[in-house]
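Step one of this worksheet: look at the structure below.
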Amino acid sequence: MNTTPQPDPKDRPARLTVGVIGAGRVGPALAASLQLAGHRPVAVSAVSERSRRRAAELLPDVPVLPPAEVLERSDLVLLTVPDDALPGLVAGLADTGSVRPGQLLVHTSGRYGARVLDPALRAGALPLALHPAMTFTGTPVDVQRLAGCSFGVTAPEELRLAAEALVIEMGGEPEWIAEENRPLYHAALALGANHLVTLVAQSMELLRTAGVSAPDRMLGPLLGAALDNALRSGDAALTGPVARGDAGTVAAHVTELRRHAPQTVAGYLAMARATADRALAHGLLKPELAEDLLGVLAHGTDGTEGDAR
């Protein structure tokens, strides 16, 4: 639920024409959300057939045009391209004279702050970095999920209120991120969200191998509770054989993983080491049990079997 006080209508920015360059999963959803707030999407740039279909679904009747024409028609332009493509895109748009003075340029990269837009700033554009801390599906459900979503906001101080107002209009919660902290901020999100998907997918595959017919149904309550506990209690929520120091159980896990899914062993050991370090640091793992456990993690297995509780 969005608890941020909504701006008074008279204090909101004027209704803007909105363009999108890069019709991946993010851009059309943000433009559709801005449309709900009263702004008007007028153009989108899309290359692949999939991106064209996505734009047609989320932004019906909005024409697909080259990037230069998107900028020509738009007061606010969403640059929603992959991180590595963003600097070259900004430089190219500025060099070709496509950027207009007073035009709002908004990128959604988590990695970059506002400085990546410096070439456009020199051309008179107003630079904003608004990164939604959410995974996108490329479907209309994304617009609904923006309600209450945190956005990492970076912009020149004089544009801070405008940036935060746009986030609130999309239903989001603005969180100010200093320019120099953007890479660390993005690394934190990738560690939590992207790696979570890999871990869950691996866990589901292993459960299927173990004969579980509905691994999603089994994991849903467990992972939901673990996430809730972790958000509430941090490291105090750690449970399982690593936190308990059950070296034999961990060794049995590694043995079975080597037998059935060797590609998962490196990840299991890396996460177990990280878990052991945190459990030790917070007094959850008893030091007298840590030696055998760390030995198993260092060598992969000690050949013992344990009760995998």
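Basis for what follows: all heavy atoms, side chains included, without hydrogens, waters or symmetry-related copies.
When all heavy atoms are compared, the tightest approach of Val44 to Ala23 is CG2-CB, 3.9 Å. Of all non-hydrogen atoms in Val296 and Ala247, the two that sit nearest each other are CG2-O, 3.9 Å. Closest of all the heavy-atom pairs between Ala236 and Leu284 is CA-CD1, 4.3 Å. The two residues Ala32 and Leu59 make their nearest non-hydrogen contact at N-CD2, 3.7 Å. The minimum heavy-atom distance between Arg160 and Trp176, with the atom names listed, is CG-CZ3, 3.4 Å. Contact between Val200 and Leu219 at its shortest, heavy atoms only, is O-CD1, 4.3 Å.
Side-chain N or O atoms of Arg208 include none that pairs as donor or acceptor with a backbone N or O of Pro215 at under 3.5 Å. Under a 3.5 Å cut-off, the side chain of Ser33 and the backbone N or O of Ala29 do not form any donor-acceptor pair. Judged by distance alone, the side chain of Ser233 and the main-chain N or O of Ala230 form no donor-acceptor pair under 3.5 Å. Side chain of Asn229 to main chain of Ala225: a donor-acceptor pair is present (N/O by atom type, distance under 3.5 Å, no hydrogens or angles). Side-chain atoms of Thr264 never come within 3.5 Å of backbone atoms of Leu257 as a donor-acceptor pair (strictly under, hydrogens ignored). Judged by distance alone, with hydrogens and angles left aside, the side-chain atoms of Thr275 form a donor-acceptor pair with the main-chain N or O of Met271 at under 3.5 Å. Remark: side-chain polar atoms of Asp83 are not paired, donor with acceptor, to backbone N or O of Ser109 under 3.5 angstrom. Side-chain atoms of Glu179 do not come within 3.5 Å of backbone N or O of Thr154 as any donor-acceptor pair.
Note on Val18 and Leu30: same hydrophobic cluster, where clusters join Ile, Leu, Val, Met, Phe, Trp and Tyr whose side-chain heavy atoms are under 4.5 Å apart, directly or indirectly. Grouping the Ile, Leu, Val, Met, Phe, Trp and Tyr side chains by contacts below 4.5 angstrom, directly or via other members, places Phe151 with Val20. The cluster map of Ile, Leu, Val, Met, Phe, Trp and Tyr, joined by side-chain heavy atoms under 4.5 Å apart, puts Leu130 and Phe136 in the same cluster. There is no path of hydrophobic side-chain contacts, each under 4.5 Å, that joins Ile177 to Val167. Tracing side-chain contacts under 4.5 Å through hydrophobic residues (I, L, V, M, F, W, Y), one never reaches Leu76 starting from Leu105; they form parts of separate clusters.
Once rounded to the nearest 0.5 Å, the distance linking CG of Leu184 with CG of Leu189 reads 9.5 Å. In this structure, OG on Ser74 lies 9.5 Å from CZ on Arg40, to the nearest 0.5 angstrom. Between the CG atom of Asp142 and the OG1 atom of Thr135 there is a distance of 8.0 Å, given to the nearest 0.5 Å. Within the model, atoms OG of Ser45 and CG of Leu89 stand 8.5 Å from one another, a figure rounded to the nearest 0.5 Å. To the nearest 0.5 Å, atoms CG (Leu285) and CG (Asp246) are separated by 9.5 Å. Here the straight-line distance linking atom OG1 of Thr108 with atom CG of Leu128 works out to 12.0 Å at 0.5 Å rounding.
Summarising the local packing, CZ of Arg100 is surrounded by more than 12 heavy atoms from other residues, nucleotides or ligands at distances under 6.0 Å. Around atom CZ of Arg25, no more than 12 heavy atoms belonging to other residues, nucleotides or ligands sit under 6.0 Å away. The neighbour count for Leu161 CG, taken as heavy atoms of other residues, nucleotides or ligands under 6.0 Å away, does not exceed 12. In this structure, Glu288 places its CD atom where more than 12 heavy-atom neighbours from other residues, nucleotides or ligands lie under 6.0 Å away.
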TODO: Give the intermediate values and the outcome of side chain to side chain donor-acceptor pair (under 3.5 Å) for residues Tyr268 and His253.
DONE: CA-CA 9 Å; Tyr268 179 94; His253 289 178; 2.6 Å; yes
TODO: Go through the steps for Met134 and Leu146 under the test side-chain contact (heavy atoms from CB on, under 4.5 Å), then give the verdict.
DONE: CA-CA 8 Å; Met134 188 182 81; Leu146 285 172; 4.2 Å; yes
- [ ] Carefully, step by step, assess His131 and Arg182 under the rule side-chain contact (heavy atoms from CB on, under 4.5 Å).
- [x] CA-CA 10 Å; His131 174 250; Arg182 290 291 289 209; 3.5 Å; yes
TODO: Go through the steps to decide whether Leu79 and Leu117 satisfy the test side-chain contact (heavy atoms from CB on, under 4.5 Å), and finish with yes or no.
DONE: CA-CA 10 Å; Leu79 305 178; Leu117 298 173; 3.9 Å; yes
Task: Trace of the side-chain contact (heavy atoms from CB on, under 4.5 Å) decision for Glu175 with Tyr185 - done: CA-CA 11 Å; Glu175 185 73 39; Tyr185 153 79; over 6 Å; no
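Taking the side chain as every heavy atom from C-beta outward, Arg73 and Thr17 never approach each other to under 4.5 Å. Within the 4.5 Å cutoff, the side chain of Pro119 has no heavy atoms near those of the Asp95 side chain. Within the 4.5 Å cutoff, side-chain heavy atoms of Leu166 are placed close to those of Glu169. Pro41 has its side chain out of reach of Leu34: every pair of non-hydrogen atoms, C-beta onward, lies at least 4.5 Å apart. Counting heavy atoms from C-beta on, the side chains of Arg145 and Thr137 come closer than 4.5 Å. Between Val242 and Leu293 the shortest side-chain heavy-atom distance falls below 4.5 Å. Residues Ile21 and Leu71 form a side-chain contact, since some pair of their non-hydrogen atoms from C-beta on lies under 4.5 Å apart. Inter-residue side-chain proximity for Leu227 and Leu231 is flagged as met; some heavy-atom pair is nearer than 4.5 Å.
Qualifying salt bridge (charged side-chain N to carboxylate O under 4.0 Å, His left out) partners for Arg278, counting only residues two or more places apart in sequence or in other chains: Asp235.
Between Arg54 and Glu57, no side-chain nitrogen of the basic residue sits less than 4.0 Å from a carboxylate oxygen of the acidic one, so the salt-bridge criterion is not met. Using a 4.0 Å cut-off between charged side-chain N and carboxylate O, Arg15 and Asp75 make no salt bridge.
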